[in-house]
Amino acid sequence: MKSQCKIIAIVELILGILGSFILAKSGGLNAYTGERNWTTTIFIFLIGIIVSYVFFVVLYSISEIMDNQEYIMKQLEQTDATPESRSVKSAGSNSSASLLSGTKSSTMDDEGWLCTKCGRLNPNSSSICSCGKHRF
């Protein structure tokens with residue numbers, strides 16, 4: 001579903017740009033004289049591009065959210081399957097951050113987070129490792 005959403009977003013952007021050209025070409029003509037009004041033509045084109053880009057960003061963001069959600073669900077399932085998670089839950093901590101951190105020490109949380117793909121220590125402010133793996 002997430003790859004389909006990305007494909008739809010890209011196709012929508014391309015079709016939106018093409019549609020902007022077509023709308024600007026036909027909408028920029030004066031109906032009475034047949035002359036082109038360049039201000040109207042450019043305005044119609046820019047509005048079409050902006051609307052297409054907004055829809056592209058929304059669709060692409062939905063696919064990224066679904067990707068991150070899938071990763072979080074896998075991490076929570078792995079945490080629920082380990083015996084350590086039972087002690088974490090019984091200690092009264094039920095936040096998703098504490099469940100995802102699993103066996104990390106508190107000093108690791110202060111320094112940053114370890115990438116599960118490459119093992120690199122990343123700062124807490126970044127949500128994506130340099131290898132491309134998402135934090136959550």
Side-chain angles (χ1 to χ4, degrees):
M1 179 75 175
K2 59 187 170 195
S3 64
Q4 292 171 344
C5 197
K6 285 183 183 180
I7 292 170
I8 291 171
I10 293 169
V11 168
E12 183 277 328
L13 182 64
I14 293 168
L15 291 177
I17 291 171
L18 293 174
S20 296
F21 279 114
I22 294 169
L23 283 174
K25 182 181 178 188
S26 63
L29 292 176
N30 188 335
Y32 299 111
T33 62
E35 295 177 3
R36 178 157 310 276
N37 183 347
W38 285 104
T39 305
T40 306
T41 303
I42 292 170
F43 182 74
I44 291 172
F45 176 72
L46 289 177
I47 292 298
I49 294 292
I50 290 169
V51 169
S52 295
Y53 184 72
V54 167
F55 281 126
F56 167 76
V57 168
V58 168
L59 288 171
Y60 201 83
S61 298
I62 289 171
S63 68
E64 287 295 317
I65 289 169
M66 289 177 7
D67 188 30
N68 289 338
Q69 198 172 31
E70 180 182 320
Y71 178 75
I72 289 171
M73 292 305 292
K74 284 181 184 176
Q75 291 296 320
L76 287 174
E77 287 172 4
Q78 289 176 357
T79 304
D80 286 342
T82 61
E84 298 161 349
S85 68
R86 293 186 193 109
S87 64
V88 170
K89 287 183 182 176
S90 65
S93 173
N94 58 1
S95 69
S96 60
S98 65
L99 288 174
L100 289 175
S101 64
T103 59
K104 290 182 186 175
S105 66
S106 61
T107 58
M108 182 61 69
D109 290 339
D110 295 338
E111 296 173 9
W113 57 278
L114 284 176
C115 176
T116 57
K117 186 176 179 183
C118 67
R120 178 185 170 140
L121 180 63
N122 297 294
N124 284 329
S125 60
S126 68
S127 61
I128 301 174
C129 182
S130 61
C131 71
K133 183 75 172 165
H134 292 274
R135 180 178 182 178
F136 297 109

Item to complete: First locate atom CE of M73, then atom CE of M66, and finally report the distance between them rounded to the nearest 0.5 Å.
Response: 14.0 Å

Worksheet item: How long is the gap from NZ on K74 to CD1 on I72, to the nearest 0.5 Å?
Response: 12.5 Å

Fill in: Backbone N/O of N124 and side chain of R135: donor-acceptor pair under 3.5 Å
yes

Fill in: Close side-chain approach of H134 and K117, heavy atoms under 4.5 Å
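The answer is no; the side chains never approach within 4.5 Å.
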
Worksheet item: Considering only heavy atoms from C-beta outward, does the side chain of E35 approach that of L29 to under 4.5 Å?
Response: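 A side-chain contact under 4.5 Å is absent here.
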
Please list, one pair per line, the donor and acceptor atoms closer than 3.5 Å that link side chains of residues 126-133 to other protein atoms, with sequence neighbours excluded.
unit_1 : atom_1 : unit_2 : atom_2 : d
S126   : OG     : P123   : O      : 3.1
S130   : OG     : R120   : NH1    : 3.0

Practice prompt. Test L121 against L114 for side-chain contact (heavy atoms from CB on, under 4.5 Å), laying out the working first.
Written response: CA-CA 5 Å; L121 180 63; L114 284 176; 4.1 Å; yes

Discussion item. Just to verify, which of L13, I14, I7, I8 counts as forming a side-chain contact (heavy atoms from CB on, under 4.5 Å) with I10?
Written reply: I14

Item to complete: Please assess Q69 against E64 for the test side-chain contact (heavy atoms from CB on, under 4.5 Å), listing each intermediate value before the final yes or no.
Response: CA-CA 8 Å; Q69 198 172 31; E64 287 295 317; over 6 Å; no

Using atom types as modelled, flag every donor-acceptor pair under 3.5 Å from a side chain in residues 42-63 to any protein atom, sequence neighbours excluded.
unit_1 : atom_1 : unit_2 : atom_2 : d
S52    : OG     : G48    : O      : 2.9
S61    : OG     : V57    : O      : 2.7
S63    : OG     : Y60    : O      : 2.6

